[in-house]
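Taking it in order: structure first as structure tokens, then the write-up.
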Amino acid sequence: MSKFGTLVMGPAGAGKSTFCTGLIQHLQNNKRPCFYVNLDPAAEDFAFEPDLDIKDLISLEDVMEEMSLGPNGGLIYCFEFLMENLDFLTDPLEEVTDDYLIVFDMPGQIELYTHVPILPGLVKTLMHGSLNIRMCAAYLLEATFVVDRPKFFSGTLSAMSAMLMLEMPHINILSKMDLVKGQVAKRELKRFVQVDADLIEDDPSRRTTDEEDNRKYRDPATTESLMSGSAFHKLNKAVAQLIDDFSMVSYLKLDVQDEDSLNAILSYIDDAIQFHEAQEPKEPKEMNTEE
Ligand SMILES: Nc1nc2c(ncn2[C@@H]2O[C@H](COP(=O)(O)OP(=O)(O)OP(=O)(O)O)[C@@H](O)[C@H]2O)c(=O)[nH]1
């Protein structure tokens, strides 16, 4: 048997800690043991005290003060420090038995999921080192993003960026579903859950027509011509179409107050982990060298 874990990621304020709290409560209600790891060196006020807290190793506040770094530079420093002191993480995790789900609560700085190469190293340690934890990423995006369609697609690209960077089983989650109100919004949501490229095309908030855009784009005299030109709309459309064509991203809906929603997400996490386990390459057979 292997250990199991989920890495809870997403932009700042997406609801990661609230989801971790809901998930832990749900696991407790169902008598499933859980090991809660906080990897956000700036996090405070936990509903459940973490079993392991990066702040016992290093805190963002201290780093910013002592190293005169800003919040983003400070966070990178904290993770580099963690990578140099991996025993802090790996020793307690070695002790966790196979029946536990290990929940990793991650920071919200988006660069961690897009281009800073620290997380892939961390994931490698967790999944492929002696710990051999079977992992699933849970990437949260706020459901309220759906009111701004380019923002939604841009958030979706950040989810894809995490998928590309981490190369691990991955589920995407629309959080804060309780904030999506009204029948129309709920009906529309289907097109975001199974990402539909036409959302960009029939965006009601688009103020200019293509014709107006084209005129502006051809006029080199204004910055606006570049910022709102149809070239950008075409780019948005092409990116949305790419996501749609390859069915690369779909979302699960999360309402932390709703046990069924938590249960469904937990099932997906379990399935993703097991699917990954089933896909693991087998040990290569010994070659017959006699022939
Ligand atoms: N209405 C509503 N609010 C939520 C929900 N989840 C989180 N929030 C609120 O959103 C804010 C951010 O939630 P957190 O859980 O701290 O988000 P986070 O992603 O951990 O934030 P960072 O660690 O700062 O990146 C808080 O004010 C929460 O109360 C939800 O499902 N519904």
Side-chain angles (χ1 to χ4, degrees), residues 5-27 29 34 36-61 63-64 70-79 82 102-114 116 118-119 122 136-148 151-152 154-156 158-159 161-162 166 170-182 185-186 189 192-193 251-266 268-269:
T6 182
L7 205 60
V8 179
M9 307 184 296
K16 297 177 290 298
S17 300
T18 308
F19 170 59
C20 288
T21 303
L23 187 62
I24 295 167
Q25 185 64 63
H26 180 72
L27 288 162
N29 294 347
C34 166
Y36 182 30
V37 183
N38 172 50
L39 289 183
D40 183 352
E44 290 170 346
D45 301 329
F46 300 98
F48 289 101
E49 204 49 43
D51 299 294
L52 187 60
D53 188 348
I54 189 174
K55 291 217 306 298
D56 293 333
L57 175 72
I58 190 164
S59 87
L60 183 60
E61 198 182 354
V63 167
M64 285 171 62
N72 292 348
L75 178 89
I76 303 300
Y77 184 94
C78 289
F79 267 79
L82 174 68
I102 307 168
V103 177
F104 297 88
D105 193 351
M106 301 297 292
Q109 275 89 340
I110 200 72
E111 54 269 49
L112 264 189
Y113 314 117
T114 53
V116 176
I118 297 174
L119 272 198
L122 181 65
C136 170
Y139 194 96
L140 272 64
L141 199 65
E142 279 186 44
T144 47
F145 268 41
V146 304
V147 295
D148 182 337
K151 187 168 141 189
F152 170 77
S154 156
T156 297
S158 71
S161 175
L166 300 180
H170 185 115
I171 60 170
N172 294 301
I173 296 172
L174 279 180
S175 60
K176 308 191 187 180
M177 281 301 300
D178 56 299
L179 296 180
V180 178
K181 300 214 164 34
K186 284 186 178 152
L189 210 64
F192 292 88
V193 168
Y251 287 94
L252 301 169
K253 292 182 278 182
L254 167 67
D255 179 348
V256 278
Q257 306 299 335
D258 178 8
E259 283 277 307
D260 289 344
S261 150
L262 286 165
N263 200 35
I265 288 173
L266 185 58
Y268 272 94
I269 291 174

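All values reported here derive from a predicted model rather than from experimental measurement. Atoms within each ligand, like the ligands themselves, are counted from 1 in listed order.
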Show which atoms of ligand 1 fall inside a sub-4.0 Å distance from at least one heavy-atom site of [X].
X      : value
Ala12  : 25 (O)
Gly15  : 7 (C), 13 (O), 14 (P), 15 (O), 17 (O), 18 (P), 19 (O)
Gly108 : 25 (O)
Val256 : 31 (O)
Leu179 : 1 (N)
Asp40  : 23 (O)

Close side-chain approach of [X] and [Y], heavy atoms under 4.5 Å:
X      : Y      : answer
Lys253 : Val180 : no
Leu39  : Met106 : yes
Leu7   : Leu166 : yes
Phe19  : Leu262 : yes

Can you tell me if [X] and [Y] form a side-chain donor-acceptor pair at under 3.5 Å?
X      : Y      : answer
Ser59  : Glu61  : no
Gln257 : Asp178 : no
Asp53  : Asn38  : yes

Are any of the protein's heavy atoms under 4.0 angstrom from [atom], yes or no?
atom                    : value
atom 13 (O) of ligand 1 : yes
atom 7 (C) of ligand 1  : yes
atom 27 (O) of ligand 1 : no

Could you label the plane-to-plane angle of the Tyr113 and Tyr139 rings as parallel, tilted or perpendicular, counting under 30° as parallel and over 60° as perpendicular?
perpendicular
Residue portion contacting ligand 1 (non-hydrogen atoms closer than 4.0 Å) for Leu254:
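Neither part.
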Applying a 4.0 Å heavy-atom criterion (strictly less than), which segment of Asp178 is in contact with ligand 1: side chain, backbone, both, or neither?
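Looking at Asp178 and ligand 1, just side chain atoms fall under 4.0 Å.
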Polar proximity ligand 1 side, Lys16 side, N/O cut 3.5 Å exclusive
yes
Would you check whether Gly13 has a nitrogen or oxygen atom less than 3.5 angstrom from a nitrogen or oxygen atom of ligand 1?
yes
Got the closest protein heavy atom to [atom], with its distance?
atom                    : result
atom 29 (O) of ligand 1 : Thr18 OG1, 4.6 Å
atom 16 (O) of ligand 1 : Ser17 CB, 4.3 Å
atom 11 (C) of ligand 1 : Lys176 NZ, 3.9 Å

State whether the side chain of Lys16 and the backbone N or O of Gly10 hold a donor-acceptor pair below 3.5 Å, judged by distance alone.
yes
Would Leu82 and Ile58 satisfy side chain to side chain contact (heavy atoms under 4.5 Å, CB included), going step by step from the backbone distance to the final call?
CA-CA 8 Å; Leu82 174 68; Ile58 190 164; 5.8 Å; no
With a cutoff of 4.0 Å, is Ala14 in contact with ligand 1, counting heavy atoms of the residue only?
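Contact present.
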Extract all donor-acceptor atom pairs below 3.5 Å that involve side chains of residues 40-52 and protein atoms in other chains or at least two apart in sequence.
unit_1, atom_1, unit_2, atom_2, d
Asp40, OD1, Ala42, N, 2.9
Asp51, OD2, Tyr36, N, 2.7

